[in-house]
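Structure first, then comments.
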2 protein chains.
Amino acid sequence: MKRKITLKDIAKELEVSISTVSKSLKDSPEIGEDTREKVKAFAALYNYKPNNIAISLKNRRTKNIALIIPEIVNDFFGEVIGGVEQVANEKGYNVIVCLSNESFDKEVVNIDTLAHGGQVDGFIISLSKETMLRQDYNHLIEVENQGMPLVMLDRVTEQVLCDKVIVDDARGSYNAVSHLIEQGCKKIALITTVDYISVGHLRTQGYIKALGDHGLELDPSLIVRIDGIAGCEDPIKKLVENQDIDGVFAVNELFAVTAMKAVQNHGKKVPQDVAIIGFSDGKLLKHATPAVSTVSQHGEEMGRVAVKMLLKRLQSDKEEESFSTRVIKTSLIKRESSGS
Amino acid sequence: MKRKITLKDIAKELEVSISTVSKSLKDSPEIGEDTREKVKAFAALYNYKPNNIAISLKNRRTKNIALIIPEIVNDFFGEVIGGVEQVANEKGYNVIVCLSNESFDKEVVNIDTLAHGGQVDGFIISLSKETMLRQDYNHLIEVENQGMPLVMLDRVTEQVLCDKVIVDDARGSYNAVSHLIEQGCKKIALITTVDYISVGHLRTQGYIKALGDHGLELDPSLIVRIDGIAGCEDPIKKLVENQDIDGVFAVNELFAVTAMKAVQNHGKKVPQDVAIIGFSDGKLLKHATPAVSTVSQHGEEMGRVAVKMLLKRLQSDKEEESFSTRVIKTSLIKRESSGS
DNA sequence: TTGTAGGCGTTATCAC
DNA sequence: GTGATAACGCCTACAA
């Protein structure tokens, strides 16, 4: 690789010292007008740009942040990346994206490498499923102990003290289910994840509360808990065919469209016979036929907020004070699948 | 931020020199067995990890690569990220993801910053629409001139000499359209992008050739070219309602589902009245009802291949030799929307 | 007004 | 066997 021009090169060429060059380029009043101009002209001509690695070494900050997410084939995380990247770039930070692929080990390796290697100034992380299942958060606690800022996003845990960005999952699903009830649904199925996933758990609670508040019986046979994304068709199909339901609340996009497909294949109409509402505002629900109502969690905004919290920590020198949790409001997007 | 432990710290603590520590940790036979062990034990105890920034400065390589893509709310690019990230991580590289948002300016800024700033060792890029429209590739040519490896992916141009990874777009769409014809379609609409987008252009050519080879007339009124993603509904709707078609080939996911929706709203059945086939194997087509046939471009593999090409360049010191273009084979995924 | 020197953390060369 | 030194590119306190 062709070597890039350095301060030293300029200094030699112009027969001045390195510090003169450095100061000139920073418009230091220490340096005489004419030398300053001469240096700047030369630097511009040769397209000089300071070497960020050297600056990082000197300043002990890299202007990189790590974003660790469980997967990417999920519009929610795609949006998060977008939001994070946008704000980070505006503020002069680069985003290193790491996928844990829902694996505890990969999450740990990623974090350890970046944290100890000193490649990033801070982390934004959404926990992998496996991590939540094992409830082993030492890698994160250690990051915090090192004094590296850490912001958790969406999939969080109380066992790590740090800034957090979440949505009001329980309320979001409460509203969604209430909406179904208002549309006249009486027998509403819930398609959710296993309980160790923080958001799945909260969304389940919203469902339960909504039923209760509207005087509907909680019928456990209308609830199906799915572990993993592969092979969700079967349990959903079974539920749809064996239970006499008139509404479905699904805690993510995939479950919602899968349920809709099962309903339609079963010869029923959406929303006339069965109304459906999902969670997460991705393409899948928007472009389904009929378009599926959903709870928007504003992934992009969550990403933006997370970066801002992180940068705030990075820019203040006072250690630790107190941590805050920002709750982003969900909003209900009513589409065809839940009646007019 | 708490300072991380350095060689110097260890040296002071153990009352040996820095070089002794460095060599011990690298298991250099120069150092006596016992000092070596002592140092290693101490380092392990305090969880010493070398500072990668310092190493980068010394070695003039960062072990970071930049991936520049136009957008992320598109499963194809999501898959690409996955593939890139996977192989890069395996090889000890980090991936800095940048979104150009289809903007020429942002693409230029991203590249200039990272290239001149010395934050990355190489680039993988998929061109923004605006860049292809303007045909201004100076920022990329300059990267090449600097001797930084550059791999173009999917959206490429002949005007930049570098390694490339593409799919056989023309053949992929040829196969797709041929499949429709074999299913008995006679009047096949083409929903494509404007022509300056390399892949849109090629896919259009495949369509034309397939018609010709099967003795079907090319009817320009069956072709609609859409600029941008917003507001594709109207032209598609108009086409579907005004033309008597029995097949649709769309060059991306969104156009395909939008067409399907228009067809269904128009009171026709898919695939009985109108067969549909798309391009790109994302969730949108897979989970549509009916599931939509498509041409898979294997985004993840493209990403993997791109990184491998990039790393190969990075690891060989010989400059420039010749550039290669890897063509990934598409495959036809037959689903419900195009008949049995 | 300009230059010198030391340091950020590491490695490699060379001297002891 | 071990250590001193210089270098990667930049910044800055201090000296001239």
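Side-chain atoms are counted along with the backbone in the values below, which use heavy atoms only and exclude waters and symmetry mates. Chain naming here is simple, since letters A, B, ... match the order of the sequence lines and numbering starts at 1 in each.
In this structure, the NZ atom of B:K26 is 6 Å from the P atom of C:dA12, given to the nearest Å. Per the geometry, CD belonging to B:E15 stands 10 Å off P belonging to D:dG3, to the nearest Å. In this structure, the NZ atom of B:K12 is 14 Å from the C1' atom of C:dG9, given to the nearest Å. Distance A:L25 CG to D:dT12 C1': 15 Å, rounded to the nearest Å. Going from atom CD1 of B:I18 over to atom P of D:dA6 covers 14 Å, rounded to whole Å. Between B:I53 atom CD1 and D:dC10 atom C1' the separation is 14 Å, expressed in whole Å. The CG-P distance, from A:D34 to C:dT1, rounds to 9 Å in whole Å. Going from atom CD1 of B:I10 over to atom P of D:dG3 covers 14 Å, rounded to whole Å.
Using a 4.0 Å heavy-atom cutoff across all strands shown, B:R36 reaches no nucleic acid atom at all. Residue-level contact check: A:T6 touches the backbone only, with heavy atoms under 4.0 Å from sugar-phosphate atoms and none from bases. Backbone-only contact: B:T35 has heavy atoms under 4.0 Å from sugar-phosphate atoms and none from a base. Residue B:R61 is out of contact with every strand shown, counting any heavy-atom pair closer than 4.0 Å.
Distance from the side chain of A:A54 is smallest to D:dG9 among D:dG9, D:dA4, C:dT10. Side-chain proximity of A:I31 to D:dC8, D:dC10, C:dT2: nearest is C:dT2. Distance from the side chain of B:P50 is smallest for C:dT10 among the nucleotides D:dG3, D:dC14, C:dT10. Closest to the side chain of A:L7, out of C:dG9, D:dC10, D:dT5, is D:dC10.
At least one side-chain nitrogen or oxygen of B:K8 sits closer than 4.0 Å to the OP1 or OP2 atom of C:dC8. The side chain of A:K58 contributes no N or O atom lying less than 4.0 Å from OP1 or OP2 of C:dG9. Applying the 4.0 Å criterion to OP1 and OP2 of D:dA4, one finds that B:S17 has every side-chain N and O outside that range. Contact check, B:R60 against D:dA7: no side-chain N or O comes under 4.0 Å of OP1 or OP2. For A:Y48, a side-chain nitrogen or oxygen approaches OP1 or OP2 of D:dC10 to under 4.0 Å. Look at B:R3 and you'll find a side-chain N or O under 4.0 angstrom from OP1 or OP2 of C:dG9. For B:S22, a side-chain nitrogen or oxygen approaches OP1 or OP2 of C:dT11 to under 4.0 Å.
Between B:D163 and B:R326 there is no salt bridge, since none of the side-chain N atoms of the basic residue sits less than 4.0 Å from a carboxylate O of the acidic one.
Taking the nucleotide of DNA chain D with the nearest heavy atom to each of B:S19 and B:N59, the more 5' of the two is matched to B:S19. Summary of the strand contacts: B:I5 and A:E30 both lie near DNA chain C, and taking for each the nucleotide with the nearest heavy atom, the more 5' one is attributed to A:E30.
Using a 4.5 Å heavy-atom cutoff, the side chains of A:T157 and A:M132 are not in contact. Annotation: side chain of A:V95 is not in contact with side chain of B:V97 (no heavy-atom distance under 4.5 Å).
With hydrogens and angles left out, the side-chain atoms of A:N64 and B:N64 include no donor and acceptor closer than 3.5 Å.
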Exercise for review: List the steps and the verdict of side-chain hydrogen bond (donor to acceptor under 3.5 Å, both in side chains) for A:T20 and A:S17.
Suggested key: CA-CA 5 Å; A:T20 303; A:S17 80; 3.0 Å; yes
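Taking a 6.0 Å sphere around CD of A:Q159, one finds it holds more than 12 heavy atoms contributed by other residues, nucleotides or ligands.
Residue B:K23 places a side-chain atom within donor-acceptor reach of the base of D:dG3, judged by atom type and a 3.5 Å distance cut-off alone.
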